[in-house]
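Report on the following structure.
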Number of protein chains: 2
Amino acid sequence: MAEEDLGALLARSTRRVIAEERPLLDELDLSMWGYILLSRLSRAPAETQLALATAINYDKTRLIGLLDELEHDGLVTRRPDPKDRRARIVSLTPEGERRHAAARSAIKAMEDRLLAGASAADRRRLWRLLADLSDDSA
Amino acid sequence: MAEEDLGALLARSTRRVIAEERPLLDELDLSMWGYILLSRLSRAPAETQLALATAINYDKTRLIGLLDELEHDGLVTRRPDPKDRRARIVSLTPEGERRHAAARSAIKAMEDRLLAGASAADRRRLWRLLADLSDDSA
DNA sequence: TATTGTTATACTCTATAACTATA
DNA sequence: TATAGTTATAGAGTATAACAATA
């Protein structure tokens, strides 16, 4: 049989991993985009909502509702930038950090289970290959 | 920095590959789902449209319109199954085979370019890992 | 009664355009 | 005038329900 498409393999793998993540996130009352946003903020607060949207490849208009929910749940805060009162600085609350850490850890355990058949070296190679693939400057 | 999510890496890689595929498919007047469907049929004709839909993970009601287009473009045929006149057997026309082969070859060249940095052994490992990942029986 | 293919409908996700407040 | 955030609206993609023909 002909070698399978890379795109098809990647798409199916992504679907599988997302399917495994969803119940874990449901348990923590997080949407997929909510988790992605918390992950981004766990690395650094966002100077503007616009920068945040582009950083996670999300539409800036949809970001509003997402932030509304996360703020309502006490996971993030929006505060005006004193240097530019048009902009809002978005950051994680302590509860937001906890929630993200819990989600990340549950997801990590699931990933380890999925990759149980792969050696540590295999995983390192996989991570590097995927990182290269997802870098559209290459 | 913390190790990145497998799901995030896969999703970004998938997006990247799809973005590279789209102009190649546009050139051949094929939609992404059209290409996926032709790929499936290039392996074997489909006994029923229902089986075809589930095989490519597509909604059976949306399949109708897709088949209408592909049939109109002369790439596939629907003929009633003589053994069960409810069912329609879907198969590629010669032009459908040609079109699919052209698309597959253009996409293969693109994949080779994206994976230029990876050795043949790396690729084999990647294919096996992704095949395992995408198998939800595991 | 159950199943294949189909149509009609509703719903979700996403993108476009227009508005406000600051700069 | 230009930009950050927001709202309202329209569009694509997807799923649900109901129908006709055949088994």
Side-chain angles (χ1 to χ4, degrees), chain A residues 7-8 11-12 14-16 18-19 21-22 25-26 29-37 40-41 44-72 75-91, chain B residues 7-8 11-12 14-16 18-19 21-22 25-26 29-37 40-41 44-72 75-91:
Chain A
R12 277 217 306 280
T14 305
R15 216 170 14 227
R16 168 77 192 287
I18 287 179
E21 285 183 1
R22 209 171 301 270
L25 293 175
D26 284 350
D29 263 309
L30 282 176
S31 67
M32 184 62 71
W33 279 114
Y35 172 65
I36 292 169
L37 193 144
R40 168 61 184 75
L41 289 182
E47 295 305 318
T48 70
Q49 296 184 186
L50 198 61
L52 181 55
T54 55
I56 65 173
N57 221 324
Y58 200 53
D59 193 89
K60 71 161 185 167
T61 65
R62 281 185 294 151
L63 187 70
I64 317 279
L66 179 58
L67 286 175
D68 287 346
E69 281 176 34
L70 293 171
E71 199 172 28
H72 173 268
L75 304 179
V76 306
T77 56
R78 274 187 274 210
R79 62 190 165 77
D81 183 342
K83 298 195 297 289
D84 180 347
R85 283 184 19 239
R86 289 173 306 181
R88 311 285 174 88
I89 299 173
V90 184
S91 35
Chain B
R12 277 217 304 281
T14 304
R15 218 172 7 230
R16 169 76 192 287
I18 287 179
E21 285 182 4
R22 208 170 301 271
L25 293 175
D26 283 350
D29 262 311
L30 281 176
S31 67
M32 183 60 70
W33 280 114
Y35 173 65
I36 292 171
L37 193 142
R40 168 61 184 72
L41 288 182
E47 294 305 317
T48 69
Q49 296 184 187
L50 198 60
L52 181 55
T54 55
I56 65 173
N57 220 327
Y58 200 53
D59 193 272
K60 71 160 185 167
T61 65
R62 281 186 292 150
L63 185 70
I64 313 265
L66 179 57
L67 286 176
D68 287 346
E69 281 176 36
L70 293 171
E71 200 171 28
H72 174 268
L75 304 179
V76 306
T77 55
R78 273 187 275 209
R79 61 190 166 80
D81 184 341
K83 296 195 298 289
D84 179 347
R85 287 187 12 242
R86 290 173 305 180
R88 312 285 174 87
I89 298 173
V90 185
S91 36

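The chains referred to below are lettered A, B, ... by the order of the sequence lines, with proteins before strands, and numbering in each begins at 1. Computed from a predicted structure; not experimentally measured.
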Query raised in the report: So which heavy atom on B:L66 is nearest to which on B:S31, and how close?
Result: CD1-OG, 4.1 Å
Query - Check: B:I64 main-chain N/O paired with B:Q49 side-chain donor or acceptor under 3.5 Å - result: no
Query raised in the report: So which heavy atom on B:A46 is nearest to which on B:L52, and how close?
Result: CB-CB, 3.8 Å
Query raised in the report: Is it the case that more than 12 heavy atoms not belonging to B:R22 sit under 6.0 Å from its CZ atom?
Result: no
Query raised in the report: Is any side-chain nitrogen or oxygen of B:W33 closer than 4.0 Å to OP1 or OP2 of D:dA12?
Result: no
Query raised in the report: What's the CD-P distance between B:E69 and D:dG13, to the nearest Å?
Result: 10 Å
Report task. With a 4.0 Å heavy-atom cut-off, tell me which residues in residues 49-62 of chain B come close to DNA chain C, sorted by residue number. Result -> B:Q49, B:L50, B:K60, B:T61
Query raised in the report: In whole angstroms, how far is the P atom of D:dA8 from the CD1 atom of A:I64?
Result: 12 Å
Query raised in the report: Rounded to the nearest Å, what distance is computed from the CG atom of residue A:D68 to the C1' atom of nucleotide D:dG5?
Result: 11 Å
Report task. For residues B:N57 and B:W33, report the shortest heavy-atom separation together with the two atoms involved. Result -> O-CH2, 3.8 Å
Query raised in the report: Which of these, B:T61, B:T54, B:I56, sits in a side-chain contact (heavy atoms from CB on, under 4.5 Å) with B:Y58?
Result: B:I56
Query raised in the report: Atom CZ of A:R79 and atom P of D:dA4: how far apart are they, to the nearest Å?
Result: 18 Å
**Report entry** Contact boundaries on DNA chain C for chain A, cut-off under 4.0 Å to non-hydrogen atoms
**Finding:** C:dT14 to C:dA23
Report task. Measure from NZ on A:K83 to C1' on D:dA4 and round the result to the nearest Å. Result -> 15 Å
Query raised in the report: Do you know the tightest heavy-atom contact between B:I89 and B:E47?
Result: CG1-O, 3.7 Å
**Report entry** Spacing between B:R85 atom CZ and D:dA20 atom P, to the nearest angstrom
**Finding:** 18 Å
Requested in this report: Could you tell me which non-hydrogen atom of B:K60 sits nearest to which non-hydrogen atom of B:A53, and how far apart they are?
Outcome: CA-CB, 3.9 Å
Query raised in the report: To the nearest 0.5 Å, what is the distance between CZ (B:R15) and OG1 (A:T14)?
Result: 9.5 Å
**Report entry** Euclidean distance, atom CG of residue B:L63 to atom C1' of D:dT14 [Å, nearest integer]
**Finding:** 14 Å
